[in-house]
Student: 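Dropping a structure here in structure tokens format, bear with me for questions.
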Amino acid sequence: MPELPEVETVRRTLEPILKDKTIVDVAVYHQNMVETPDFIEQLKNQTIKSIDRMGKFLIFKLNDKVMISHLRMEGKYFLTDPRKKHPHEHVVFYLDNGQTLIYHDVRKFGKFQIRSYENYRKVSPLLKLGPEPKEANPQVIYKQLKKRHITIKQALLDQHVMAGLGNIYVDETLFRAQLHPQKNTSTLTKKQVESLVKHAIDVLNHAIELGGSTIRSYYATIGVDGKFQNELKVHTKKDEPCPVCQTQIIKIKVGGRGTYVCPRCQKK
DNA sequence: CCCGTGCCCTGGCGGC
DNA sequence: TGCCGCCAGGGCACGG
């Protein structure tokens with residue numbers, strides 16, 4: 001599931017390949033993923049100037065509009081020569097160099113929107129997106145969290161608080177900050193929030209470094225699977241010893257999400 | 001406004 | 001072995 005580091009890896013891979021390429025045509029095979037009615041017409045003859053990212057959203061900067069792409073759970077991009085459509089390929093961008101950029105998504109959860117430069121940050125889905133951890137002011141986050149009555153896990157997954165963390169990196173951030181995912185946000189101290197933000201930054205930076213190391217040839221999968229899974233301390237480690245205290249890691253549900261926690265190191 | 005629930009979707013897995 | 005039912009999960013709509 002692509003979170004900020006994986007999306008950043010995709011961005012860094014795609015940008016040099018797609019820069020200055022013009023979209024000559026588009027095919028959409030699953031309409032629910034496209035939230036802009038005249039999506040295809042709006043993209044024709046648009047040239048890709050750059051690719052940005054906000055949280056987990058990819059932002060394709062075109063001549064005079066912006067395409068927003070969210071990979072959700074399993075979205076992937078491929079660049080190939082034209083070929084017969086494969087299963088799970090839902091959007092195909094035909095480029096002026098004869099190649100095709102393919103969006104592949106088994107669960108069809110991904111979303112696309114076209115927006116104008118004037119308002120793309122002022123409307124859904126970017127309107128209420130919070131700052132990324134490295135841009136976040138811990139004092140501001142602290143004040144927001146004090147007012148709420150949810151678990152820290154839910155708060156860190158809430159992209160309106162901070163953008164970029166998903167289920168994996170939230171578990172890893174909470175472990176490093178030695179805080180229990182079920183701890184209520186209203187009970188957090190300033191120091192604990194500062195620690196959360198700091199560890200979120202560290203985890204994401206470390207993962208970006210490792211994601212970047214697995215970029216493959218652009219004819220292969222443009223990957224969302226880096227090497228950070230080797231660095232995970234609690235996520236997916238049910239029944240394995242905590243790397244700090246050797247207590248068995250447990251798996252629980254928090255806010256409906258599978259959550260891995262060291263019951264000894266992480267305090268409520 | 002705040003929070004919980006359900007929806008979208010399909011591969012894979014547990015249970016029988 | 002084979003089949004069926006259910007679960008996972010990001011973001012958002014909706015309802016209390």
Side-chain angles (χ1 to χ4, degrees), chain A residues 1-11 28-36 53-59 67-77 85-91 103-115 120-133 140-141 143-174 181-188 200 204 207 221 224-225 229 232 234-239 250-261:
Chain A
M1 55 215 73
E3 305 179 26
L4 188 154
E6 292 75 25
V7 179
E8 175 60 17
T9 301
V10 172
R11 190 198 70 75
V28 174
Y29 297 102
H30 187 78
Q31 199 60 44
N32 285 355
M33 304 175 61
V34 171
E35 298 190 331
T36 301
R53 181 187 55 71
M54 290 177 70
K56 305 176 201 171
F57 292 88
L58 283 169
I59 301 166
M67 181 180 81
I68 301 169
S69 164
H70 198 300
L71 306 173
R72 294 292 181 95
M73 311 303 297
E74 304 195 9
K76 295 174 177 66
Y77 281 102
K85 181 183 177 300
H86 290 200
H88 309 309
E89 295 178 356
H90 306 302
V91 184
Y103 180 75
H104 177 285
D105 191 340
V106 170
R107 300 225 171 137
K108 298 180 180 157
F109 267 26
K111 296 287 181 196
F112 291 85
Q113 298 93 7
I114 311 270
R115 298 284 185 259
Y120 77 97
R121 289 166 181 264
K122 300 173 190 165
V123 298
S124 163
L126 302 182
L127 171 64
K128 294 183 178 171
L129 194 67
E132 295 186 6
V140 174
I141 304 296
K143 283 178 187 167
Q144 287 178 355
L145 295 185
K146 285 305 271 188
K147 286 186 286 194
R148 301 189 62 180
H149 296 275
I150 51 175
T151 64
I152 322 179
K153 167 114 188 187
Q154 290 171 288
L156 293 181
L157 285 172
D158 184 346
Q159 303 297 297
H160 303 141
V161 176
M162 287 196 291
L165 294 170
N167 206 34
I168 296 170
Y169 295 113
V170 167
D171 282 2
E172 294 299 307
T173 297
L174 288 168
Q182 287 173 317
K183 182 175 174 63
N184 195 289
T185 50
S186 62
T187 69
L188 285 165
L204 294 175
T221 307
V224 292
D225 46 0
Q229 64 272 17
L232 295 176
V234 286
H235 197 81
T236 71
K237 303 299 183 185
K238 176 172 150 60
D239 295 337
I250 57 170
K251 184 180 183 186
I252 58 176
K253 282 248 185 198
V254 183
R257 304 284 183 238
T259 301
Y260 297 85
V261 53

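These values consider heavy atoms only, across backbone and side chains, with no hydrogens, waters or symmetry-generated copies. The sequence lines fix the lettering, A, B, ..., with proteins before strands; numbering per chain opens at 1.
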Student: Does A:Lys85, at its NZ atom, have more than 12 non-hydrogen atoms belonging to other residues, nucleotides or ligands within less than 6.0 Å?
Tutor: yes
Student: A:Tyr29 has an atom OH; how far is it from atom P of B:dC9, in whole Å?
Tutor: 19 Å
Student: Ignoring backbone atoms, establish whether A:His90 has a side-chain N or O less than 4.0 Å from OP1 or OP2 of B:dC9.
Tutor: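 The answer is no; no side-chain N or O of A:His90 sits under 4.0 Å from OP1 or OP2.
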Student: Looking at A:Lys147, does any N or O in its side chain come under 4.0 Å of the phosphate oxygens OP1/OP2 on B:dC1?
Tutor: no
Student: Let me spell it out: for each of A:Leu129 and A:Lys251, pick the nucleotide of DNA chain C with the closest heavy atom. Which residue's pick is nearer the 5' end?
Tutor: A:Lys251
Student: Could you verify whether a donor N or O on one side chain and an acceptor N or O on the other, from A:Tyr103 and A:Ser69, lie under 3.5 Å apart?
Tutor: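 Per modelled atom types, A:Tyr103 and A:Ser69 side chains form no pair under 3.5 Å.
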Student: For C:dG10, does OP1 or OP2 lie under 4.0 Å from any side-chain N or O of A:Lys111?
Tutor: no
Student: Name all stems that contain residues of DNA chain C, defined as runs of 3 or more consecutive Watson-Crick or G-U wobble pairs, both distances under 3.5 Å.
Tutor: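 DNA chain C stems, ordered by first number: B:2-16 with C:2-16.
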Student: Is there a donor and acceptor pair, one atom on the side chain of A:Arg257 and one on the base of C:dG10, closer than 3.5 Å?
Tutor: yes
Student: Remember a base hit wins even if backbone is also touched, and classify A:Asn32 as base, sugar-phosphate or nothing at under 4.0 Å, heavy atoms.
Tutor: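 The residue A:Asn32 makes sugar-phosphate contact but no base contact.
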Student: Go through the steps to decide whether A:Lys56 and A:Gln159 satisfy the test side chain to side chain contact (heavy atoms under 4.5 Å, CB included), and finish with yes or no.
Tutor: CA-CA 9 Å; A:Lys56 305 176 201 171; A:Gln159 303 297 297; 3.6 Å; yes
Student: Find the distance A:Asp105:CG to B:dC9:P and express it as a whole number of Å.
Tutor: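 Value for this atom pair: 11 Å.
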Student: To the nearest Å, how far apart are A:Lys76 NZ and B:dC9 C1'?
Tutor: 14 Å
Student: Would you indicate which nucleotide in B:dC3, B:dT10, C:dC12 comes nearest to any side-chain atom of A:Val106?
Tutor: B:dT10
Student: Report yes if a side-chain nitrogen or oxygen of A:His160 is closer than 4.0 Å to either non-bridging phosphate oxygen (OP1 or OP2) of C:dG11; otherwise report no.
Tutor: no
Student: Quick one: A:His88 NE2 to B:dT10 C1', roughly how many Å, whole number?
Tutor: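 Rounding to the nearest Å, NE2 of A:His88 and C1' of B:dT10 are 8 Å apart.
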Student: Starting from the 5' end of DNA chain B, give me the residue, A:Ile150 or A:Arg107, whose nearest nucleotide shows up first.
Tutor: A:Ile150
Student: Cation-pi between A:Lys238 and A:Tyr260: NZ/CZ under 6.0 Å from ring centre and within 45° of the ring axis?
Tutor: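 No, cation not above the ring by the 6.0 Å, 45° rule.
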Student: Could you check which of B:dC3, C:dC12, C:dG9 has an atom nearest any side-chain atom of A:Ser124?
Tutor: C:dC12
Student: Assess, by modelled atom type and distance only, whether the side chains of A:Asn167 and A:Lys153 contain a donor and an acceptor separated by less than 3.5 Å.
Tutor: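 Distance-only check passes for A:Asn167 and A:Lys153.
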Student: At under 4.0 Å, does any side-chain N or O of A:Asn167 touch on OP1 or OP2 of C:dA8?
Tutor: no
Student: Any side-chain N or O of A:Lys253 below 4.0 angstrom from OP1/OP2 of C:dA8?
Tutor: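 Yes, within the criterion.
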Student: With a 4.0 Å cut-off, would you call A:Arg53 and A:Glu132 a salt bridge?
Tutor: yes
Student: Base, sugar-phosphate, or nothing for A:Gln154, non-hydrogen atoms under 4.0 angstrom?
Tutor: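 Touches sugar-phosphate only.
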Student: For A:Gly258, answer base if it contacts any base atom (sugar-phosphate contacts may also be present), sugar-phosphate if it contacts only those atoms, and nothing otherwise; contact means non-hydrogen atoms under 4.0 Å.
Tutor: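 The answer is sugar-phosphate, as A:Gly258 gets under 4.0 Å only of primed atoms, P, OP1 or OP2.
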Student: Would a distance-only check, ignoring hydrogens and angles, find a side-chain to backbone donor-acceptor pair under 3.5 Å from A:Asp171 to A:Thr259?
Tutor: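 No.
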Student: CG of A:Leu165 versus P of C:dG10: gap in Å, rounded?
Tutor: 11 Å
Student: Output the distance between atom OH (A:Tyr29) and atom NE2 (A:His90), rounded to the nearest 0.5 Å.
Tutor: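 Answer rounded to 0.5 Å: 11.5 Å.
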Student: Using only side-chain N and O atoms of A:His70, determine if any of them is under 4.0 Å from OP1 or OP2 of C:dG11.
Tutor: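 The answer is yes; a side-chain N or O of A:His70 sits under 4.0 Å from OP1 or OP2.
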Student: Would you mind reading off the distance between A:Met162 atom CE and C:dG11 atom C1', rounded to a whole angstrom?
Tutor: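 Whole-Å distance recorded here is 17 Å.
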Student: What is the distance from NZ of A:Lys108 to P of C:dG9, rounded to the nearest Å?
Tutor: 21 Å
Student: In this structure, how many angstroms lie between the P atom of B:dC8 and the CD atom of A:Glu35, rounded?
Tutor: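 Nearest whole value for this atom pair: 14 Å.
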